[in-house]
There are 2 protein chains.
Amino acid sequence: MTNLPSGNSIAEVAHLIGDAARANMLAALMGGRALTAGELARHAGVTAQTTSGHLAKMTEARLLAVEKQGRHRYYRLATADVAQAIHALMALAADGPPRYRPVGPRDAALRLARTCYDHMAGRLALALADSLVREGHVLLADGAGLVTERGEAFFSGLGIDVTGATQSRRPLCRTCLDWSERRPHIAGRLGAALLDSALERGWVVRQAESRALRLTRAGESGFAAAFRLPSDWRVEGVAQ
Amino acid sequence: MTNLPSGNSIAEVAHLIGDAARANMLAALMGGRALTAGELARHAGVTAQTTSGHLAKMTEARLLAVEKQGRHRYYRLATADVAQAIHALMALAADGPPRYRPVGPRDAALRLARTCYDHMAGRLALALADSLVREGHVLLADGAGLVTERGEAFFSGLGIDVTGATQSRRPLCRTCLDWSERRPHIAGRLGAALLDSALERGWVVRQAESRALRLTRAGESGFAAAFRLPSDWRVEGVAQ
DNA sequence: GGAATACTTCGGCCGTTACCGAAGCGTTCC
DNA sequence: GGAACGCTTCGGTAACGGCCGAAGTATTCC
């Protein structure tokens with residue numbers, strides 16, 4: 001419509017996100033798993049045909065990626081950049097006027113451990129971040145993070161390779177403000193690798209229909225041993 | 001209207017940004033300077049009364065902050081978080097379908113040195129970032145950055161205190177993808193401090209009606225000496 | 001084969017909102 | 001004082017776009 005040269009396409013992207021139904025779908029996809037059109041419709045609270053239109057637009061704009069599987073269509077966030085943008089908007093929304101706002105997830109399971117796009121969040125993630133800092137494996141300073149040499153060896157022992165760090169444009173390690181606890185946990189490529197590794201070892205398992213992660217008995221002892229977690233890491237509000 | 005518990009206010013924020021006129025105003029404010037309502041109207045290409053409505057909404061939502069000065073009203077981005085969110089959306093918009101898109105600022109002065117919200121961008125900023133990494137003052141790894149001990153001393157010599165790093169929630173050092181050069185430069189609190197310092201020393205001066213920074217003769221030699229810049233730092237496309 | 005499921009396309013309704021003209025306030029300049 | 005300027009408020013118009021019902025296309029299950 002308007003033919004302004006630039007600074008306009010940002011409006012198009014924001015316009016897509018700036019609809020309640022679509023925003024709810026995107027928020028649901030921040031859980032990291034691919035969801036079907038039907039599941040997204042339920043999350044958004046609109047009918048299937050309305051959802052279909054929304055998904056087509058977001059896919060067209062490369063916010064989402066689709067995968068056909070039988071009669072289902074699985075949608076996921078197209079890139080980490082999309083998750084990053086949504087995260088930045090969430091941070092803005094969290095500020096705002098001091099009107100009513102529910103503070104974090106109610107569900108105790110969600111507060112303990114959940115996924116946040118492609119990495120872990122909740123008390124468990126905070127305990128891991130604290131441990132990595134305490135043991136000198138990563139250095140964190142307000143939003144930025146770096147893996148130390150000592151850390152490289154440590155992660156290598158967990159089967160996580162971080163040497164190719166500078167190759168990818170994707171941040172190796174960045175922090176992400178934990179929704180329920182309001183403290184930073186580890187995101188970025190390292191955060192994703194930690195989640196993958198934990199899932200592979202069976203230390204945590206995804207829950208159906210939820211972003212919650214269930215901590216297994218193996219995980220209970222595995223995390224504690226590998227990361228030297230303090231015994232009280234489950235207690236809320238304990239800093240460091 | 002809809003009374004979904006959460007994940008909704010993100011839609012409200014995005015909805016605000018998702019209008020061409022408002023997005024253009026925000027993009028103009030990414031230059032870092034406060035602008036009057038009239039200037040913003042010209043940037044957006046709409047009348048004063050339309051602009052007034054837009055500005056009221058964005059101020060109400062705490063995206064913008066106002067300052068009255070005589071018969072003028074100066075608007076600026078309310079917080080660094082707002083700049084961060086807009087930046088993330090710009091990154092998304094830059095991806096998108098491969099249709100027509102102008103590649104970076106045309107003006108040579110803009111490519112050499114300009115402001116990006118509260119820090120420097122352009123060839124100069126890239127040369128500074130390269131220097132800081134080469135001299136071991138900061139460590140950069142994909143989007144994240146940390147100041148070394150050596151760096152703390154260096155910045156202290158420039159009158160920049162970085163010890164209070166962990167106090168503020170605002171990232172001390174983070175990178176920002178340079179629009180014209182597609183390489184990261186230094187943003188965050190450190191980036192802002194570098195710009196402030198350079199302005200104070202008269203090494204660069206702001207240009208009227210533009211985001212461009214003019215490099216002074218004092219700056220020419222000052223930057224070269226303090227940061228040990230290579231002689232060819234002005235040449236485009238030179239990595240490191 | 002037929003029925004059920006998952007998703008899409010089409011058409012029409014209706015609420016939201018961006019836009020501008022006109023008019024109103026407050027400030028500055030002469 | 002009056003005129004010019006910067007910005008805001010009000011009212012009416014026009015259009016964009018989200019929504020659902022109905023109908024249509026795949027795919028799976030029995």
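Residue numbers begin at 1 in each chain, while the letters A, B, ... track the order of the sequences. The figures that follow rest on heavy atoms only: side chains count, while hydrogens, waters and symmetry mates do not.
Separating the CD atom of Glu39(A) from the P atom of dA6(C) is a distance of 10 Å, rounded to the nearest angstrom. Counting to the nearest Å, the P atom of dT5(C) and the CZ atom of Arg42(A) are 13 Å from each other. Per the geometry, CG belonging to Asn24(A) stands 10 Å off P belonging to dC19(D), to the nearest Å. Nucleotide dG6(D) holds its C1' atom 17 Å from the CD atom of Glu67(B), rounded to whole Å. Between the P atom of dG6(D) and the CG atom of Leu55(B) lies a distance of 15 Å, rounded to the nearest Å.
Applying the 4.0 Å criterion to OP1 and OP2 of dG17(D), one finds that His54(A) has every side-chain N and O outside that range.
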Quick one: what's the B/S/- string for nucleotides 25-30 of chain D, heavy-atom cutoff under 4.0 Å, read 5' to 3'?
--BS--
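Distance check, rounded to the nearest 0.5 Å: CD of Gln84(A) to OH of Tyr117(A) gives 10.5 Å.
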Could you please spell out the steps behind the side-chain contact (heavy atoms from CB on, under 4.5 Å) verdict for Ile10(A) and Leu26(B)?
CA-CA 10 Å; Ile10(A) 162 184; Leu26(B) 291 169; over 6 Å; no
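Nearest approach of Ala187(A) to Cys176(A), heavy atoms of both residues: CB-CB, 3.7 Å. The two residues Pro184(A) and Leu126(A) make their nearest non-hydrogen contact at O-CD2, 3.4 Å.
Aromatic ring orientation, Phe223(A) versus Trp203(A): perpendicular (interplanar angle above 60°, classes split at 30° and 60°).
Residues Val205(B) and Gln207(B) have side chains in contact (heavy-atom distance under 4.5 Å, counting atoms from C-beta outward). Looking at heavy atoms from C-beta onward, Met58(B) lies in side-chain contact with Leu55(B) at the 4.5 angstrom threshold.
Within the 3.5 Å criterion, the main-chain N or O of Thr115(A) finds a donor-acceptor partner in the side chain of Arg211(A). Judged by distance alone, the side chain of Arg201(B) and the main-chain N or O of Leu158(B) form a donor-acceptor pair under 3.5 Å.
Taking only side-chain atoms of Ala21(A), from C-beta outward, the nucleotide of dG18(D), dC19(D), dT9(D) with the closest atom is dC19(D). Taking the side chain of Tyr75(B) as heavy atoms from C-beta on, and the options dC7(D), dT8(D), dC7(C), the nearest nucleotide is dT8(D). For Arg73(A), counting side-chain heavy atoms from C-beta on, the closest listed nucleotide (dG18(D), dC7(C), dT8(D)) is dC7(C).
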Pairs under 3.5 angstrom, nitrogen or oxygen only, protein versus nucleotides 20-23 of chain C, please.
{"unit_1": "dC20(C)", "atom_1": "OP2", "unit_2": "Thr47(B)", "atom_2": "N", "d": "3.3"}
{"unit_1": "dC20(C)", "atom_1": "OP2", "unit_2": "Thr47(B)", "atom_2": "OG1", "d": "3.1"}
{"unit_1": "dC20(C)", "atom_1": "OP2", "unit_2": "Thr50(B)", "atom_2": "OG1", "d": "3.0"}
{"unit_1": "dG21(C)", "atom_1": "N7", "unit_2": "Gln49(B)", "atom_2": "NE2", "d": "2.6"}

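In this structure, Ala37(B) reaches the sugar-phosphate backbone alone: every heavy-atom distance under 4.0 Å involves primed, P, OP1 or OP2 atoms, never a base. Nucleic acid contact for Thr51(B): none, since no nucleic acid atom lies under 4.0 Å from a heavy atom of the residue.
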